[in-house]
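Have a look at the structure below before the remarks.
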Amino acid sequence: MIFNKLSERLSAALAGVLSMLFVSAADAEYALNMTRGVTPISRDLYGLHMIVLWICVVIAIVVFGVMIWSIIYHRKSRGAVAANFHENAQVEVFWTVGPLVILIAIAIPATATLIDLEDAKTNADINLQVTGIQWKWKYNYIDEDLVFISTLAQSSRDVIKDPAGHENYLLEVDQPIVLPINKKIRFLFHSDDVLHAWWVPALAVKQDVVPGFINDSWAVIEKTGTYRGQCAELCGKDHGFMPIVVEAVTQGEYEQWLVDKKAEAAAIAESADKEWSMQDLLAQGETVYKGNCAACHGPTGAGIPGVFPALSNSPVATGDPAGHINIVMNGKAGTAMAAYKSQLSDVDLAAVITFERNSFGNSVGDMVQPSAIKNSR
Amino acid sequence: MSAASEGDYYVPHGTHWPIIGSIGLATIAVGFARFLHGSEITVMLVGIAILIFMLYGWFGQVIDESISGLYNKQVDMSFRLGMGWFIFSEVMFFGAFFGALFYARAYSIPWLGGASNNDATAWLLWPDFKAVWPLLEAPMADKFASAKEAMGAWGLPAINTALLLTSGLTVTLAHHALRREDRVWLVYWLFATVALGFLFVGLQALEYSHAYGELNLRMDSGIYGSTFYMLTGFHGFHVTMGATMLLVIMIRAMKGHFTPDNHFGFEAVAWYWHFVDVVWLFLFFSIYVWGGSGGVIHE
Amino acid sequence: MTTITADDDHDPHAAHDDHGPDKGLTRWITTTNHKDIGTLYLWLAFIMFLTGGTMAMVIRLELFQPGLQFVEPGFFNQMTTMHGLIMVFGAIMPAFVGLANWLIPMMIGAPDMALPRMNNWSFWILPFAFTMLASTLFMEGGGPAFGWTFYAPLSTTFAPDSTDYFIFAVHLMGISSVMGAINVIATILNMRAPGMTLMKMPLFVWTWLITAYLLIAVMPVLAGAVTMMLTDRHFGTSFFDAAGGGDPVLFQHIFWFFGHPEVYIMILPAFGVISAIVPTFARKRLFGYDSMVYAVASIAILSFLVWAHHMFTTGMPVAGELYFMYATILISVPTGVKVFNWVSTMWKGSMTFETPMLWALGFIVMFTIGGLSGLMLGVAPVDTQYHDTYFVVAHFHYVLVTGALYSIIAAFYYWVPKWTGHMYNETHGKIHFWWSTIAVNVLFFPQHFLGLAGMPRRIPDYALQFAEFNMISSIGGFAFGLAQVFFLYIVIKTIKGGEKASDLVWEGATGLEFEELSSPPPYHSFTVAPDIK
Ligand code: HEA
Ligand code: HEA
Ligand code: CUA
Ligand SMILES: [Cu+2]
């Protein structure tokens, strides 16, 4: 079994290497080289990358060429006798100035690109605030009053032991962001906890997400499509599991999406006013728990001793509901436990709290209604 | 005796002091870490005791060897190089904290107030934050103990500056006394230096209690308090060490150690003392004079 | 005053000649002899290399295929962190200090290191430091899991309790390194035999002199960084917390002010080793000695001015990024001078290819590859695509494994006949080289492609398009690991016995340690200073 898989992959890889050498099929190129991407900056970067790469290849060929030449022709077994020279000021100057000139040639286009890359502020059409949270992304369409959280899709989590054949494994999310093409989007990055980095290769945006400061970056997406990326700064246990999905659409589709998305949010807010049944709360709570809490407190509520407390038999999760509501809504400053009132809706909060009080061996039996959450906001 | 000063480089044979020193350091480290997580501080104290025992034994042996004339000029030079570069490493240690202070003042606080490429930082995160130095009120003011007032330069700190500068002078006078083999004045001037040193530490403690008590300027008052205590605290610790070493030198001088042309121990400590002095001058200007004034650094 | 008697230590000549080492364990614990201490350092480094390597094997095993099969993500991060820390602080640095101990006194004609007791202490702090570091893996909450760069706030507010032990372990390593560096400086400046002027010193001595300055300048800064971490964790300071007016990015500035010179600390002595080996086997004097010295000095100075090239994506103002880009790529110039000089030394030489030379040639080729990818990383705008991907991992393993580590292995083969008086087995040495070199390229070359294709570093699991290259890389990794087990065998076998080495050892060898001392050399190298021509 494993060997079949192995040889399959090996031959695929071999084919990949070979095709790099002989053909330049678009697919193989992506796997071996940097993506060209779909923004002006990403194309500039790709071009710059190729220039520098080729310069390096040429330097390497020259240096190794000379070296191999001496290894072949100046070896003792061929009867070579050592020459006596050991100094020459002219060549030293030559190979100091030569590289310097090459570096200047690299620095000029690099400077121009960098200045372009850093100019996020001028003429931005859309401001999108991106907040990194262990281990998910919160998106705030500032001008639209639309906020939602995006996490790794459950379908990827389900196959984590054996993902073979699962397309876009680890690169799919529950709620992708949607952006219009040909608009200058200014991303405003910020973190609620540790450092993260928001990276979508095709957009050539990689920016650290720092608590307490806003970093910005920009993109003009020129082609519709789905672009995937990942968190690119070690941010703790599930750093490998916080993907990003961007769907680039036409302006019309984007506007429609906004309308739908806002309606959805309104419906959720409304449902906070109705009375929920235990069953519905538990079902909803389990989903919320898996997506938001299981990363730390574990799928079975066991936590990780010394780092994340267990919820089964936890004095908080089995004690007075007020205390439980408080920690989940307001978190605990100075720990990884975030304030979920800014991340989850009233319904989700009520559901997950109810779920925790009645799962993992906890059986308090009471319910927390969304209205209670709404009132304590 | 004098033969050795012309002879070979002295290479000691086996020594057990280093391993004792390592055990001492490791015990201190483990003890401190345990203390931070709620254990008693005993283990750490044991470690400190081991370390002191080691220093006493090790230096004692070196002093014996030095007095019995085993060290030639070249050995003396090795010691000098060793002490000199050790002091340089200490300079770099302080450099890290000075770096933090300058960075906070020149970059992080203005940026939090929206300077440079951080317009959105002020816009979205800290709309009410005022970028001033000294920073009395942290950006997230409710999480940090706001200081009422910055520490002024012209009270105790100025007196302390005078004390340390004077002590730099007295230790030099002690050196001159030693050079002309005037043991009485050697001890007097050393005594004066030690006294000034400990007086400095005492006044520093007074200043801290004033800062905590009246100004509410604390370790957890935000970056101003952090840099203030880190720099002055480590400096105070070094003064204490230096004064203690001077005390040892004074006792040795009273015992009749050191000759006009062989007194590296004295000089090493004197160098250290001057280093502590110079750091203080930097500190006085950057923490108290420049650092205690300033006002708005970004609108 | 009375404890030391004349007949023991006083007579300047009797003092050294008849003194062999003590017996048993005491010898190693109490020794002040530069060769003994060198040996201790080298063994510590080797043990740490195997430990760190085993952790790398855990990493490669988990990355063998997509999906989580063997370890939890939290534990994976601990492995990555510990692997980096142990390799850097436990393997490469102590190995170079071990070489310095063995070689510097012999190369400059000194009886021993300048401060022999402190030398012992520098070493004996380390086993305690590493025991403490490794013990964190068994503590509640696990060991440090924030990368060897331990960025705040992951290492402050969000770190496990064991982090405090990590902090103190770093303090101890720092104390050890600073003392070791002071010793090297005092030895080189003060212990040279008459006539050994600075510009006659072997390049290995030069590179170590400069490395020692780097160490003294930056280890205390690292100590400052971990001290601020400690107070942020426990005493309410806010150096790395914006809410109090600090900045998490400040941590990175301080760390990399240490960290970048640190990577040159791991490569400058390597340059020295290569500059010793290449002339020997080319039977031709090192080309451009003076410019080699100046190049090393320039690299060292520049190394203090480029640190933020690790931080191109942290949101620095554009002027800062430009400055750090220019300064960074400038380092290619003096480094190029070194490479070109080595190549010119070979040019028109009379070369043979014994094992040390093979490793040295491997170094030159693969270090250059790593250096060139470093140059690519230094181009700030494009680094936004490379940063924190496997392209970076490939870069630094080329400079560290096929750079620093290769030079250490080369040094072992080159000097071990001198140290022990035994020749290693040439066939074994060659097998070791070719096996390692093929494996290491299978291991690290594909990581360039992975990085370019978008695989982030420090992840326990990855998307399916990265599967093939990861599997290849893992296979290379296992093969490379096994080759090092073979190396362990070679080392032990050579120490135990082998063909007798001549005093000169190599036909083309030069330098005091080969020309003036027997193989193995006497316990105290130069009791009488040699004549320097
Ligand atoms: C021994 C260690 C070592 C050495 C020698 C180097 C050498 C260099 N490194 Fe490397 N580097 C590391 C160890 C090292 N590095 C490590 C460990 C990291 C990762 C840390 C972490 O994040 O965990 C890192 C990361 C790193 C980064 C950050 C990448 C990122 O995270 O985004 C950068 C960016 O500029 C960089 C650049 C360079 C450069 C320009 C050199 C130069 O010194 C290279 C110079 C050499 C050459 C260029 C080749 C020879 C020259 C010629 C043949 C002459 C002709 C050349 C020209 C004209 C160009 N390195
Ligand atoms: C300084 C030197 C150094 C050295 C020598 C190495 C050696 C190796 N490294 Fe290194 N590595 C670093 C320094 C070094 N590394 C650093 C600084 C990091 C960054 C850490 C961070 O991100 O914080 C890193 C990160 C790093 C990663 C990225 C991890 C991640 O991002 O999650 C990987 C992945 O492949 C890796 C692999 C290897 C391998 C396979 C070796 C091999 O060369 C090791 C070979 C040695 C052995 C294997 C030991 C001998 C064998 C045995 C004891 C028996 C067992 C053997 C078998 C079962 C076959 N390393
Ligand atoms: Cu978020 Cu890594
Ligand atoms: Cu660097």
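Below, read A as the first sequence line, B as the second, and so on, with proteins coming before strands; counting in each chain starts at 1.
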Item to check | Verdict with reasoning, C:Met118 to B:Trp17, per side-chain contact (heavy atoms from CB on, under 4.5 Å) | outcome: CA-CA 10 Å; C:Met118 196 171 81; B:Trp17 295 119; over 6 Å; no
Next on the checklist: So C:Val221 and B:Phe93, do their side chains get closer than 4.5 Å, heavy atoms only?
Outcome noted: no
Checklist outcome for this item: Among C:Gly236, C:Ala181, C:Ala110, C:Gly315, the residue with the most heavy-atom pairs under 4.5 Å to chain B is C:Gly236
Item to check | Under 4.5 Å from any heavy atom of chain C - which part of B:Phe32 | outcome: both
Checklist entry - Given that the side chain runs from C-beta out, which part of C:Leu250 has a heavy atom under 4.5 Å from chain B: side chain, backbone, both or neither? => result both
Checklist entry - Is it the side chain or the backbone of B:Val91 that comes within 4.5 Å of chain C heavy atoms, both, or neither? => result neither
Next on the checklist: At a 4.5 Å cut-off on heavy atoms, which part of B:Phe86 comes close to chain C: side chain, backbone, both, or neither?
Outcome noted: both
Item to check | For chain C, the option from B:Phe144, B:Trp126, B:Phe88, B:Phe129 that forms the most heavy-atom pairs under 4.5 Å | outcome: B:Phe144
Next on the checklist: At a 4.5 Å cut-off on heavy atoms, which part of B:Trp111 comes close to chain C: side chain, backbone, both, or neither?
Outcome noted: side chain
Item to check | Rounded distance (nearest 0.5 Å) linking atom OG1 of B:Thr15 with atom CG of C:Asn119 | outcome: 12.0 Å
Next on the checklist: Is C:Met228 close to chain B through its backbone or its side chain, or both, or neither, when contacts mean heavy atoms under 4.5 Å?
Outcome noted: both
Checklist outcome for this item: Looking only at B:Gly222, B:Ala138, B:Pro139, most heavy-atom pairs under 4.5 Å shared with chain C are made by B:Pro139
Checklist entry - Looking at B:Gly95, B:Gly82, B:Ser221, B:Ser22, which one has more heavy-atom pairs under 4.5 Å with chain C than the rest? => result B:Ser22
Item to check | Residue C:Thr26 versus chain B: region with a heavy atom under 4.5 Å | outcome: neither
Next on the checklist: Checking C:Trp121 against B:Leu25 for the side-chain contact (heavy atoms from CB on, under 4.5 Å) test, could you report, in this order, the C-alpha distance in whole Å, the side-chain angles of both residues, the deciding distance, and whether it holds?
Outcome noted: CA-CA 11 Å; C:Trp121 202 21; B:Leu25 284 179; 3.6 Å; yes
Item to check | Under 4.5 Å from a heavy atom of chain B, the part of C:Val178 involved | outcome: side chain
Next on the checklist: What part of C:Phe251 gets within 4.5 angstrom of chain B, counting heavy atoms only: side chain, backbone, both, or neither?
Outcome noted: neither
Next on the checklist: Run the side-chain contact (heavy atoms from CB on, under 4.5 Å) test on B:Met140 and C:Asp241 for me, step by step, so that the C-alpha distance in whole Å, both residues' side-chain angles and the decisive distance to 0.1 Å come before the verdict.
Outcome noted: CA-CA 10 Å; B:Met140 195 184 280; C:Asp241 181 0; over 6 Å; no
Checklist entry - When you look at CZ of B:Arg252, are more than 12 heavy atoms from neighbouring residues, nucleotides or ligands closer to it than 6.0 Å? => result yes
Next on the checklist: Looking only at the side chains, is there a donor atom on one of C:Asp247 and B:Tyr107 sitting less than 3.5 Å from an acceptor on the other?
Outcome noted: no
Next on the checklist: For the interface with chain C, which of B:Gly99, B:Ala33, B:Ala145 has the highest count of heavy-atom pairs at distances below 4.5 Å?
Outcome noted: B:Ala33
Item to check | Distance (rounded to the nearest 0.5 Å) between C:Thr30 OG1 and B:His16 NE2 | outcome: 9.5 Å
Item to check | Within-4.5 Å side-chain heavy-atom neighbours: B:Arg34 and C:Tyr165 | outcome: yes
Checklist entry - Given a strict heavy-atom distance threshold of 4.5 Å, which part of C:Leu230 is in contact with chain B: side chain, backbone, both, or neither? => result side chain
Checklist entry - Taking atom CZ of B:Phe59 as the centre, does the number of heavy atoms from other residues, nucleotides or ligands within less than 6.0 Å exceed 12? => result no
Item to check | Contacting region of B:Ser66 [heavy-atom separation from chain C under 4.5 Å] | outcome: neither
Checklist outcome for this item: If one checks every heavy atom of B:Leu36 against chain C at 4.5 Å, the contacting part turns out to be both
Checklist outcome for this item: Nearest heavy-atom approach of C:Thr32 to B:Pro12 is OG1-O, 2.6 Å
Next on the checklist: Are the side chains of C:Asn190 and B:Gln74 in contact, using a 4.5 Å heavy-atom criterion?
Outcome noted: yes
Checklist entry - Are any non-hydrogen side-chain atoms of C:Thr227 and B:Phe97 less than 4.5 angstrom apart? => result yes
Next on the checklist: Using only atom types and a distance under 3.5 Å, with no angle test, would you say the side chain of B:Asn117 pairs donor to acceptor with the backbone of C:Val318?
Outcome noted: no
Next on the checklist: Can you tell me which portion of C:Ile125 sits under 4.5 Å from chain B's heavy atoms? Options are side chain, backbone, both or neither.
Outcome noted: both
Checklist entry - B:Asp220 versus chain C, heavy atoms under 4.5 Å apart: side chain, backbone, both or neither? => result both
Item to check | Heavy atoms of other groups near B:Tyr56 OH, more than 12 under 6.0 Å | outcome: no
Checklist entry - Under a 4.5 Å heavy-atom cut-off, does chain C meet the side chain of B:Met77, its backbone, both or neither? => result both
Item to check | Polar side-chain atom of B:Ser78 near backbone of C:Ala186 as donor-acceptor pair, under 3.5 Å | outcome: no
Next on the checklist: Return the OG to CZ distance between B:Ser108 and C:Phe239, rounded to the nearest 0.5 Å.
Outcome noted: 11.0 Å
Next on the checklist: Please classify the contact between B:Arg218 and chain C as side chain, backbone, both or neither, with a heavy-atom cut-off of under 4.5 Å.
Outcome noted: neither
Next on the checklist: I want to check something: taking the side chain as every heavy atom from C-beta on, are B:Tyr103 and C:Val249 in contact at a cut-off of under 4.5 Å?
Outcome noted: yes
Checklist entry - Of the non-hydrogen atoms in C:Ile216 and B:Ser89, which two are nearest, and what is the gap between them? => result CG2-CB, 3.7 Å
Item to check | Toward chain B, the part of C:His253 with a non-hydrogen atom under 4.5 Å | outcome: side chain
Checklist entry - Do B:Tyr229 and C:Thr231 touch side chain to side chain, with heavy atoms closer than 4.5 Å? => result no
Item to check | Closest non-hydrogen atom pair, C:Pro111 against B:Tyr9 | outcome: CG-CB, 4.1 Å
Checklist entry - So, do B:His37 and C:His234 sit near enough that their side-chain heavy atoms are less than 4.5 Å apart? => result yes
Item to check | Residue part contacting chain B, namely of C:Met191, when any heavy atom lies under 4.5 Å | outcome: both
Next on the checklist: If you count heavy-atom pairs within less than 4.5 Å of chain C, which of B:Ala100, B:Ser116, B:Ala131, B:Ala104 leads?
Outcome noted: B:Ala100
Next on the checklist: The test is side-chain contact (heavy atoms from CB on, under 4.5 Å); show your working for C:Phe128 and B:Ile19 and say whether it passes.
Outcome noted: CA-CA 10 Å; C:Phe128 291 90; B:Ile19 191 79; 4.0 Å; yes
Checklist entry - Taking side chain as C-beta onward, heavy atoms only, is B:Met92 less than 4.5 Å from C:Phe257? => result yes
Next on the checklist: Take a 6.0 Å sphere around CD of B:Glu267 and say whether it holds more than 12 heavy atoms from other residues, nucleotides or ligands.
Outcome noted: yes
Item to check | Part of B:Met83 within contact of chain C (heavy atom distance under 4.5 Å) | outcome: neither
Checklist entry - Between B:Phe79, B:Tyr224, B:Trp58, which shows the greatest number of heavy-atom pairs under 4.5 Å with chain C? => result B:Trp58
